[in-house]
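Predicted, not measured: the structure shown is a model, and the values here were computed from it. Labels below follow one simple rule: chain letters A, B, ... track the order of the sequence lines, proteins then strands, and each chain is numbered from 1.
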Amino acid sequence: MDEQLHERIREVVADVPPGKVATYGDIAAIAGASTPRLVGRVLSEDGNDLPWHRILRASGIPAPHIRHRQLELLRAEGVLADGDKVSLRKYRWHAS
DNA sequence: TATTTGACAGCTT
DNA sequence: CAAGCTGCCAAAT
């Protein structure tokens, strides 16, 4: 059901460990979403209680409106970004 | 009921 | 290396 999917996405996002980051595509793949757009939509609606700051774009650059907050929160967790670009190669998280 | 928009990704030009 | 186009799903108007 779509409700399951919605919850699955939240679970995956909450399962990302601090100091690590993941892309929308990864979350979508792990959660079973057909498209990463669903992940973004869920975060925009319920992300206020989730570590949405650990979710980045495929390019390692967070969304345009929140990028400032994103980088700030990531920095607090030890994730250093080159300008707006985070080193996915180092911080990208993969499910167990 | 149809159209537009949106925390995206991947390929082509 | 950068910009543009297409595919995807769901909610809002």
*asked:* Quick check for you: among B:dC8, C:dA10, C:dC8, whose closest atom lies nearest to any side-chain atom of A:L38?
replied: C:dA10

*For the pair made of CG in A:D46 and P in B:dG6, what is the distance, rounded to whole Å?*
19 Å

*Quick one: are A:R57 and A:P64 in side-chain contact, heavy atoms under 4.5 Å?*
yes

*Within a strict 4.5 Å, meaning less than it, do heavy atoms of the A:R69 and A:P62 side chains meet?*
no

*Could you say whether A:S59 or A:R41 is positioned toward the 5' end of DNA chain B, judged by the nucleotide with the nearest heavy atom to each?*
A:R41

*Roughly how many Å is it from CG in A:L88 to P in B:dA9, rounded to a whole number?*
10 Å

*From C:dC9, B:dG10, B:dA7, nucleotide with atom closest to A:Y24 side chain*: B:dA7

*Nearest-Å distance, CD1 (A:I9) to C1' (B:dA7)?*
12 Å

*Regarding A:T23 and A:R92, is there a side-chain donor-to-acceptor distance under 3.5 Å anywhere?*
yes

*Starting at atom CZ of A:R10, determine the distance to atom P of B:dA7, rounded to an integer number of angstrom.*
19 Å

*A:I30 CD1 - B:dA9 P separation (whole Å)*: 13 Å

_Looking only at the side chains, is there a donor atom on one of A:D46 and A:H6 sitting less than 3.5 Å from an acceptor on the other?_
yes

*Could you state the atom-to-atom distance from CG of A:L43 to C1' of C:dC9 in whole Å?*
15 Å

*Going by modelled atom types, is there a donor-acceptor pair between the base of C:dC9 and the side chain of A:R37 at under 3.5 Å?*
no

*Kindly check if the number of other-residue, nucleotide or ligand heavy atoms within 6.0 Å of NE2 (A:H94) is above 12?*
no

*Would you mind reading off the distance between A:K85 atom NZ and C:dC1 atom C1', rounded to a whole angstrom?*
11 Å

*Selected nucleotide, minimal atom distance to A:A63 side chain, candidates B:dC8, C:dC9, B:dA9*: B:dC8

*Just how far, in rounded Å, is P of B:dA7 from CG of A:L73?*
18 Å

*How is A:S44 classified with respect to the nucleic acid when contacts are heavy atoms under 4.0 Å: base, sugar-phosphate, or nothing?*
base

